[in-house]
Every structure is written in structure tokens, then in C-alpha cells.
2 protein chains.
Amino acid sequence: MAGESERSDAARNRELLLKAARELIEECGADGLTMDRLAERAGVGKGTVFRRFGSRAGLMMTLLSDSEAEFQGRFMFGPPPLGPGAPPRDRLVAFGAERISYVLEYGELARAADSSAYNRFDVPAAVLWHRHIEMLLRAAGVTADPWLMAMSLSSTLDPERLLYAVRVHHVAPERLAESWRELVTRVVSCPGGVADPMAHTSAGDR
Amino acid sequence: MAGESERSDAARNRELLLKAARELIEECGADGLTMDRLAERAGVGKGTVFRRFGSRAGLMMTLLSDSEAEFQGRFMFGPPPLGPGAPPRDRLVAFGAERISYVLEYGELARAADSSAYNRFDVPAAVLWHRHIEMLLRAAGVTADPWLMAMSLSSTLDPERLLYAVRVHHVAPERLAESWRELVTRVVSCPGGVADPMAHTSAGDR
DNA sequence: ATAAGATGCGGACCGTAGTCCGTTTAGCAT
DNA sequence: ATGCTAAACGGACTACGGTCCGCATCTTAT
């Protein structure tokens, strides 16, 4: 991005790096990818790697960006129940289920993409999910601090925890999805006064 | 195995290290404490630091252990509503509120005590909280996968997220506590009936 | 007191993420 | 072609967490 076009050598190196990164991950797993090895494998200097991606987490995010974009497209514009058209509760349930599959599929990568600093929650994709959940909560009539409630729900879908449950405690993925469904149901449909069946529907989605 | 006792020089060095660590944190903040500086400040070798505490996270946990033990005592044996005697729902609410205060008080430290690996969830204190929450959920009649539900609730109380909300988004601590109360209320007091008719019965599933 | 063995010590060493800065090169204007 | 400049490059360098292992010290049995 930046000003205008990318210089040709820069573009070439970016491709070289992405290719090398995918190979390396294929061979050694995401955890086995180090910035030094990547640079060597791609035949460029280490400085170049950081110039391109900023950090290891940035690289991982770049590698995930395609599938990430596809996921975003699906929950924002795709068919129900994930996309607009279904009741907010169902969309939330579907969102979690998809996210769980996503994390289990791209496991290590998704985890490696989470930097270990605060800004981890400020990354564009993360704020998008957060806003999405918040919007759905509002649409579902949850009036109690949707921002924080969305944060709580997001935290449940954190790759680190999800992978911990699956890999260390051998929790079945369906069980995760079911628990998410349970959680969302309770959060959405059970304010001080039982139901709030009323509709909202609408509009909020965008 | 020569008994259990600690060799005198080891004991001395442990005190030296803890003292130095507290000073360093006082002066530079938890993030400014590095193992090298700590070793130098305490006048011992680096190997000694790791021999004592195993890792940086281990050191931080040791530093927190007093207040941590005190907290554990309060929620396990102390007076209601935190301790036994109050209804489970109230105990959960109190637990979260206390934990939030705790994290805000020991902020950086609590965060630094979380190693960045999976085992972060396996640390004794963490499994204790988890079990405590799980137990309260069961006592409150939540039959749907209390283990995972406890995990979701725990994730809401994660130091990293809590501090992010407070430091980056300037969320007031009371607002955190209030949102926690809201969340717990919904999780606990939603009969499963409302939007989820059929509560699958089977209380006995485990 | 002394010797023997367990325990602890220290700091050189390693792998890693990330930075810095002198050098090279692409792209453009002439 | 040539020269200029901003961008990109590369790899030495730093800081950090963590490991290793030969050496020193404490403890205990004699």
C-alpha cells in the first residue's frame, strides 16, 4: 500500500518469502518457522523479512489473510445462518461454530498469528469479529454492555484456549460447538426477564 | 536424598533474589524485570535464578504466591458471599469481582505470570480457579458441560484481556464487574428451558 | 576433623525476535 | 544513456529467555 505501487524487487521478494514460509510450515510446522530460517530459505536478508511483515505475527497473519478474508466475507455477506438473514442468535451460534472449525484447521498458524502483546486485540480482524459479535448481541436485544459481553464471548473463541481444550484435554470439536451454542443461548435469551422474543431482526446487520 | 530441607546457601539466595525482584519491579515495572538484570542485582549467577524459579513466569508466580494463597483461602474457606454459605450464583459473582480487583491491583505481575505456552492453563492456581467455577456452576444447576462453561467464564477473567479493556479502552473496573455479574446471571439462571426447550435431561451425564 | 557425595553455583553459550544503518538498486526525469 | 533519489536490501548487532556443565560449597557419616 503505501504511496503507490510496490517496487518490483520488493514484490518479487514478497512472493519468495511467502512461498518459502509455506514450504517451511509444511515441513516443520508453524512453530518450526523462525525468521532466520525463513530469510535463509527465501534467499533474502533478515531485514527484508521484517520490512515486509513487521513481525512474526504479522507474517502469520499475512499467511492467513486469504482464508481470513473468505471467512469475513461469509459472515458478513454470505448466506444464513452465518450471514445476514437469520436471527441474531442463530448467527452467533453459527459464527462460533465456524470459528471453532477455522481454529482447529489452521491451529498453530492462528495461534502464532496472535502476538503476545496487547495489540493482539487491536488487530483488524480481531476488532472486526468483536464488532460483529457486538452488533449481533445488540440485534438480539442484549442491552447490558454489549461491548464487554462481546469481549467475553470472543475470549471463549480464543485459539490458545480452544487448542488447549482439544489438544491437551481431548475435547471433541463438536463438544466445543455445543458448549458455545449453550453459552450464546443463555446470554442472548435470558435477561432478567426471560425472553425478549421480539424481533429486532433487522437492520443492524450490515 | 538428604532430607527435604533446603541448603542454607540456596535459602539465602532465594531471599536475595526475591528482594531484588521486588526492588526491580518497584523501579522498572514487571515488564522491565529481566532475568539478567535480576541475577546481577541479586549478585548471583543467572543459572541460579533459573534453578530457583524455573522460568520468568515461575518467578512471577512466586512473587504473587502470598496474595494468591490469601485469595484462594478467601474463596474456599472465607466468609460469604465469596466463601461457602452463599448461593452459588452469588459466589460466582463475588469470585469474578474479586478476581477483577486482584488483576487490576497486581496487573503487570499477573500478566507476566502467565507463561505463553499451553501449560499456562495447567498451572495449579489456574486449575484451582477452573475447578472452583465448575463446582459452583454444578451447584447452581448448570448441567450443560460445566467444564467447558467454566473455561468460558475463566477466559473472561484473563488478565491480558482485563488489562486490555482497562488500559487501552479505559473501561472502568466497576463496569467489568457489572458485566461479569450480568454474564454469570445469564449463564446460571437460564433454565435451558427458554430458548432451548428440552434441556436434554440427563442430569447424570457425568 | 576429614572425606565423600549431593546440591547449588556461575556465567559462557544458544536460539530467537527484532533493530540499525551503510550499501545497492529500481524507477524516473532528463 | 545518464544521473538522481527514494526505496529496498542485508546481515551484523542487541536483548532476552533459557540451557549446560565444570567447579565450589554445604551437609553428613565416620
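Numbered from 1 within each chain, the chains take letters A, B, ... in sequence-line order.
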Ignoring hydrogens and angles, write down the donor-acceptor pairs under 3.5 Å from the side chains of residues 73-82 of chain B, residues two or more places apart or on other chains.
| unit_1 | atom_1 | unit_2 | atom_2 | d |
| --- | --- | --- | --- | --- |
| B/Arg74 | NH1 | B/Glu70 | OE1 | 3.0 |
| B/Arg74 | NH1 | B/Glu70 | OE2 | 3.1 |
| B/Arg74 | NH2 | B/Glu98 | OE1 | 2.1 |

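Using a 4.0 Å cutoff on non-hydrogen atoms, the parts of residues 53-63 of chain B near DNA chain D are B/Ser55, B/Arg56, ordered by number. Near DNA chain D, defined here as any heavy-atom distance below 4.0 Å, there are no residues from residues 16-24 of chain A. Heavy-atom distances under 4.0 Å link DNA chain D to A/Val44, A/Gly45, A/Lys46 of residues 35-46 of chain A, given in residue order.
Distance alone, capped at 3.5 Å, is enough to place a donor-acceptor pair between the B/Trp180 side chain and the B/Leu92 backbone. Looking only at distances, no side-chain donor or acceptor of B/Ser179 sits under 3.5 Å from a matching main-chain atom of B/Arg175.
Side-chain contact annotation: A/Ser154 with A/Asp158, donor-acceptor N/O pair under 3.5 Å absent. Residues B/Thr185 and B/Arg89 bring a donor and an acceptor atom of their side chains to less than 3.5 Å of each other.
Between the CG atom of A/Asp31 and the C1' atom of C/dT16 there is a distance of 13 Å, rounded to whole Å. Atoms CG (B/Leu33) and C1' (D/dG17) sit 12 Å apart, rounded to a whole Å.
Using cut-offs of 30° and 60° on the angle between ring planes, the pair A/Trp147 and B/His169 is tilted.
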query: Can you give the dot-bracket line for DNA chain D, using ( ) for pairs inside the strand, [ ] for pairs that cross earlier ones, | for pairs with another strand and . for unpaired bases, where Watson-Crick and G-U count if both distances are under 3.5 Å?
result: ||||||||||||||||||||||||||||||
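Classification of B/Arg52 and B/Glu6 as a salt-bridged pair holds, one side-chain N sitting under 4.0 Å from a carboxylate O. Between B/Glu182 and B/Arg186 there is a salt bridge, since at least one side-chain N of the basic residue sits less than 4.0 Å from a carboxylate O of the acidic one. Between A/Glu178 and A/Arg181, at least one side-chain N (NZ, or NE/NH1/NH2) sits under 4.0 Å from a carboxylate O, which counts as a salt bridge.
Among residue pairs with one or both ends in residues 27-39 of chain A, those qualifying as side chain to side chain donor-acceptor pair (under 3.5 Å) are A/Glu27-A/Arg41, A/Asp36-A/Lys46; sequence neighbours excluded.
The side chain of B/Thr48 places no N or O atom within less than 4.0 Å of a non-bridging phosphate oxygen (OP1 or OP2) of C/dG8. Contact annotation: B/Asn13 does not reach the phosphate of C/dG8 (side-chain N/O to OP1 or OP2, under 4.0 Å).
To the nearest 0.5 Å, atom CZ of residue A/Arg7 and atom CG of residue A/Asn13 are 10.0 Å apart.
For A/Glu23, the CD atom counts as densely surrounded, since its 6.0 Å shell holds more than 12 non-hydrogen atoms of other residues, nucleotides or ligands. Crowding of A/Arg131 atom CZ: a count of heavy atoms from other residues, nucleotides or ligands under 6.0 Å not exceeding 12.
Partners of B/Arg22 according to the side-chain contact (heavy atoms from CB on, under 4.5 Å) rule, which considers only residues two or more places apart in sequence or in another chain, are B/Leu18, B/Leu63. In this view, B/Val166 and B/Leu104, B/Leu176 satisfy the side-chain contact (heavy atoms from CB on, under 4.5 Å) rule, not counting sequence neighbours. Taking A/Ser67 as the reference, A/Leu64, A/Tyr102, A/Tyr106 meet the side-chain contact (heavy atoms from CB on, under 4.5 Å) condition, with sequence neighbours excluded. Residues passing the ring-ring contact (aromatic ring centres under 6.0 Å, His included) test with A/Phe121, sequence neighbours excluded: B/Tyr164.
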Short heteroatom pairs, N/O only, protein and nucleotides 20-22 of chain C, under 3.5 Å:
none

- request: Summarise how protein sits on nucleotides 23-30 of chain C as a single string, 5' to 3': B when a protein heavy atom is under 4.0 Å from the base, S for sugar-phosphate-only contact, - for no contact.
  value: --BSS---
Candidate pair A/Lys19 and A/Glu15, rule salt bridge (charged side-chain N to carboxylate O under 4.0 Å, His left out), full reasoning: CA-CA 6 Å; A/Lys19 180 166 174 295; A/Glu15 293 314 314; over 6 Å; no
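In the set D/dT19, D/dA8, C/dT19, the nucleotide with an atom closest to the side chain of A/Phe50 is C/dT19.
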